[in-house]
S.K.: 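Have a look at the structure that comes next, please.
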Amino acid sequence: MTNLADYRRQYGPWIPILMFSAAVAAFLWPIYPQGALVAFVGVTSVVFSLLSGMAVNPSYPAIPQFAVALFGVQHVICPMLYYTYPSTADPSFGVTSAFTKTFAYCCWGTALMSSIVWFFTRMPTGPVVRPIELLDRRTYRRILEWSWLTWAAGTIFFMAVRNLPVGTSLGYFFVLLVALRDVAICVLVLLLPRNRVGLFVGCIFLVQLIVSLNTTMFSHFFIVFGAALIFLAHRRMWRWKLILALFAGVLFTAFIQNEKLAYRERMWSDAKIVTLGERLGYWQVRIRENVSVFGAGGLGQFFRPLVIRLNQERIVEQVVRRVPSREPYAGGRTMLTAVQLVIPRVLWPGKPVHSSNEMFVKYTGHVLQSGTSMGVGPLGECYLNFGLWGLIAFAVYCSIIGIISRIWIRLGAAHPLWWAWYLYIMYFLIKAESDFSKAFNALVKSLLFMGVILCVSPVWRHMLTAVRRRPPSRHPAFPQPGPRRP
């Protein structure tokens with residue numbers, strides 16, 4: 001009886017979420033492409049990851065679950081739209097004869113990722129601990145000062161220096177240094193008084209939007225503001241309100257994607273718009289036109305650029321079409337290169353040089369424009385190494401994500417500020433466009449950089465002592481948020 005009660009406590013709360021996810025997937029059955037069963041599995045996995053993230057987000061920032069949901073959108077949902085509505089397809093990456101095989105491969109890969117990450121992150125955290133309760137007044141003041149200074153310095157530096165030599169060790173060091181801005185933002189969202197944190201997130205939106213208008217690079221805007229929104233939802237213990245926030249985010253992202261290329265051409269041309277007022281005026285006109293298109297029912301036209309941008313299956317499809325008919329299987333060589341690249345060039349002067357763009361061109365057959373960077377993604381790289389058996393390698397990759405996330409859940413149970421570092425070290429590992437070399441190289445270097453800061457800086461050292469002082473205990477499987485924070 002005890003084992004049965006433990007089983008119900010561990011898995012019972014997740015069964016309604018799984019059943020509702022399956023119901024949503026069954027409702028969408030009429031629009032599925034060939035092989036409806038695998039589409040059902042893929043869509044169920046995407047919805048389950050999204051709902052799981054909403055369920056646990058009040059207890060800890062559900063970045064792992066939302067990352068899996070985004071991965072599923074890129075490999076399952078967008079390909080379905082590609083196939084069902086050909087008007088959304090990208091002419092340079094159209095639907096080919098390899099679509100059915102690739103779509104099934106991506107659906108099973110998404111299901112693997114969803115189940116493995118859920119298995120590791122379903123672990124309970126118990127009652128929510130307010131980070132301010134673990135800080136004395138002096139440490140609280142110093143960490144706020146560090147966060148404000150880091151956010152301001154990182155933002156200014158990002159605007160001032162845009163062409164860093166990222167391929168060099170010095171360039172990557174500056175990338176890691178600037179990325180501390182994201183850590184600072186997460187800390188401020190967790191520590192600022194409740195009546196000010198909403199205003200701060202709005203300030204982040206405006207500041208990062210101005211930065212993006214200046215640099216014409218909008219990806220950092222979505223990364224920074226998306227992380228701030230997840231932490232705000234965690235701080236306010238949102239569940240269903242988060243759906244509205246995500247829906248608004250999708251609409252705004254679709255609008256930006258509609259206008260991004262035209263805006264860059266205007267900015268980079270001889271007749272570029274120079275002042276901030278001119279840029280805001282340009283976007284004001286574009287907003288009115290897009291609202292008219294959306295209001296007139298032109299949903300396909302409105303969302304088409306976003307679907308094209310997000311659809312990662314089209315890249316995997318080109319790999320499946322080309323390997324092994326034109327290019328032989330790599331047999332794990334690219335994964336061995338990923339391990340070798342972790343070794344510093346100072347210790348190994350003859351370390352091989354890796355280029356994600358070269359691997360992309362070789363295994364997809366598409367030549368990239370100058371200044372464009374693309375990767376085949378983890379699913380694509382697993383296939384080009386082992387074919388369909390690459391799903392086993394992808395399961396190992398997902399297990400690494402799950403294990404690190406599980407460690408972070410335990411660390412966050414001892415001190416919630418650990419979560420401010422999660423996206424800093426995991427960004428390239430959970431990004432669907434990253435290949436293994438970029439993902440593991442970034443993971444190791446960011447972990448080392450974080451370790452140095454935690455050991456050297458007295459502002460952050462208290463987190464290490466908190467883990468030794470307060471090992472997290474076991475709690476029921478479905479965590480309850482506890483009392484609302486002041």
Side-chain angles (χ1 to χ4, degrees), residues 57-61 63 125-159 176-208 211 223-225 227-238 408-425 446-447 449-472 481-486:
N57 197 62
S59 297
Y60 63 85
I63 300 176
T125 61
V128 175
V129 179
R130 294 180 297 176
I132 194 172
E133 295 176 351
L134 306 176
L135 304 174
D136 56 63
R137 182 172 298 181
R138 180 169 176 268
T139 305
Y140 175 76
R141 185 177 64 253
R142 291 181 64 183
I143 201 168
L144 280 183
E145 292 172 352
W146 179 91
S147 301
W148 284 114
L149 179 62
T150 303
W151 177 45
T155 302
I156 294 172
F157 187 81
F158 180 77
M159 292 181 64
L176 292 175
L177 202 61
V178 172
L180 289 175
R181 166 201 61 184
D182 306 339
V183 178
I185 289 174
C186 296
V187 171
L188 289 170
V189 174
L190 288 174
L191 289 184
L192 285 176
R194 184 179 176 84
N195 59 347
R196 298 181 185 177
V197 67
L199 180 63
F200 173 68
V201 173
C203 180
I204 292 173
F205 179 87
L206 292 176
V207 171
Q208 295 303 136
V211 171
I223 295 167
V224 173
F225 184 69
L229 185 61
I230 292 175
F231 275 81
L232 176 65
H234 164 67
R235 176 78 184 271
R236 295 287 178 86
M237 299 183 181
W238 288 350
W408 238 254
I409 292 173
R410 288 188 174 275
L411 292 174
H415 202 304
L417 288 185
W418 278 101
W419 280 105
W421 292 91
Y422 181 84
L423 192 61
Y424 180 80
I425 68 165
S446 57
L447 276 173
F449 198 74
M450 182 193 72
V452 170
I453 293 177
L454 295 186
C455 293
V456 172
S457 172
V459 173
W460 285 103
R461 201 178 303 151
H462 69 282
M463 285 194 351
L464 299 175
T465 58
V467 172
R468 291 193 294 266
R469 186 173 62 250
R470 295 178 31 138
R484 187 173 293 276
R485 304 165 214 207

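Nothing here was measured: the structure is a model prediction, and the numbers come from that model.
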S.K.: Is there a side-chain contact (heavy atoms from CB on, under 4.5 Å) between Trp419 and Ile409 once you walk through the steps?
M.R.: CA-CA 8 Å; Trp419 280 105; Ile409 292 173; 3.7 Å; yes

S.K.: Taking Tyr424 for its side chain and Leu176 for its backbone only, find out whether a donor-acceptor pair lies under 3.5 Å.
M.R.: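 Yes; at least one donor-acceptor contact below 3.5 Å.
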
S.K.: List the steps and the verdict of side-chain contact (heavy atoms from CB on, under 4.5 Å) for Leu177 and Phe157.
M.R.: CA-CA 10 Å; Leu177 202 61; Phe157 187 81; over 6 Å; no

S.K.: Got a sec, which residues hit ring pair (Phe, Tyr, Trp, His ring centres under 6.0 Å) with Phe449, two or more places apart in sequence or on another chain?
M.R.: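 Phe449 satisfies ring pair (Phe, Tyr, Trp, His ring centres under 6.0 Å) with Phe173 only.
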
S.K.: For the CG atom of Leu149 and the CG atom of Leu144, what is their distance to the nearest 0.5 Å?
M.R.: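 If we round to the nearest 0.5 Å, Leu149:CG and Leu144:CG are 12.5 Å apart.
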
S.K.: Do side-chain atoms of Arg181 reach the backbone of Val224 as a donor and acceptor pair under 3.5 angstrom?
M.R.: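 Answer holds: no.
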
S.K.: Looking at Trp460, is its backbone amide N or carbonyl O close enough to the side chain of Arg142 to form a donor-acceptor pair, meaning the two atoms are under 3.5 Å apart?
M.R.: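 Between the backbone of Trp460 and the side chain of Arg142 there is no qualifying donor-acceptor contact (under 3.5 Å).
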
S.K.: My understanding is that only residues two or more places apart in sequence, or in another chain, count here; which of them pass side chain to side chain donor-acceptor pair (under 3.5 Å) with Thr139?
M.R.: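 Testing Thr139 for side chain to side chain donor-acceptor pair (under 3.5 Å), a comparison that skips the adjacent residues, returns Asp136.
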
S.K.: On a heavy-atom basis, which atom in Val197 and which in Arg236 lie closest, and how many Å separate them?
M.R.: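 Where Val197 meets Arg236 most closely, the heavy atoms are CG1-NH2, 3.5 Å.
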
S.K.: Tell me whether Trp421 contacts the main-chain N or O of Val183 through its side chain, where contact means a donor paired with an acceptor under 3.5 Å.
M.R.: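 Not a single qualifying donor-acceptor pair exists.
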
S.K.: If you compare all heavy atoms of Ala184 against all heavy atoms of Ser147, which two are closest, and at what distance to 0.1 Å?
M.R.: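 Closest approach of Ala184 to Ser147: CB-O, 3.3 Å.
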
S.K.: Quick one, Ile453 with Leu180, criterion side-chain contact (heavy atoms from CB on, under 4.5 Å). Give me CA distance, side-chain angles, the key distance, then yes/no.
M.R.: CA-CA 10 Å; Ile453 293 177; Leu180 289 175; 3.8 Å; yes

S.K.: Do you know which two heavy atoms are closest between Tyr140 and Leu192, and how far apart they sit?
M.R.: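 Heavy-atom minimum between the residues: OH-CA, 4.5 Å.
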
S.K.: At their closest point, which heavy atom of Gly154 faces which heavy atom of Val178, and how far apart are they?
M.R.: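 The answer is O-CG1, 3.9 Å.
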
S.K.: Which pair of heavy atoms, one from Met450 and one from Ile425, lies closest together, and at what distance?
M.R.: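 Heavy atoms only, the tightest pair is SD-CG2, 4.2 Å.
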
S.K.: Measuring from Leu229:CG to Phe205:CZ, what's the distance to the nearest 0.5 Å?
M.R.: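 If we round to the nearest 0.5 Å, Leu229:CG and Phe205:CZ are 11.0 Å apart.
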
S.K.: Among residues at least two apart in sequence or on other chains, which ones pass side-chain contact (heavy atoms from CB on, under 4.5 Å) with Ile223?
M.R.: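 In terms of side-chain contact (heavy atoms from CB on, under 4.5 Å), with neighbours along the sequence ignored, Ile223 is linked to Leu423, Tyr427.
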
S.K.: If every non-hydrogen atom of Ile185 is compared with every non-hydrogen atom of Ala228, which pair is closest and at what distance?
M.R.: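 Heavy atoms only, the tightest pair is CG2-CB, 4.0 Å.
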
S.K.: Between His234 and Phe231, what is the ring plane arrangement, given parallel below 30°, perpendicular above 60°, and tilted in between?
M.R.: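 The rings of His234 and Phe231 stand perpendicular, inter-plane angle above 60°.
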
S.K.: Test side-chain contact (heavy atoms from CB on, under 4.5 Å) on Leu191 and Leu417 and set out the steps.
M.R.: CA-CA 9 Å; Leu191 289 184; Leu417 288 185; 4.2 Å; yes

S.K.: Does the plane of the ring in Trp151 sit parallel, tilted or perpendicular to the ring in Phe200? Use 30° and 60° as the thresholds.
M.R.: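 Rings of Trp151 and Phe200: perpendicular, over 60°.
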
S.K.: CG of Leu188 to CH2 of Trp146: how many Å apart, nearest 0.5 Å?
M.R.: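 Between atom CG of Leu188 and atom CH2 of Trp146 there are 9.0 Å.
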
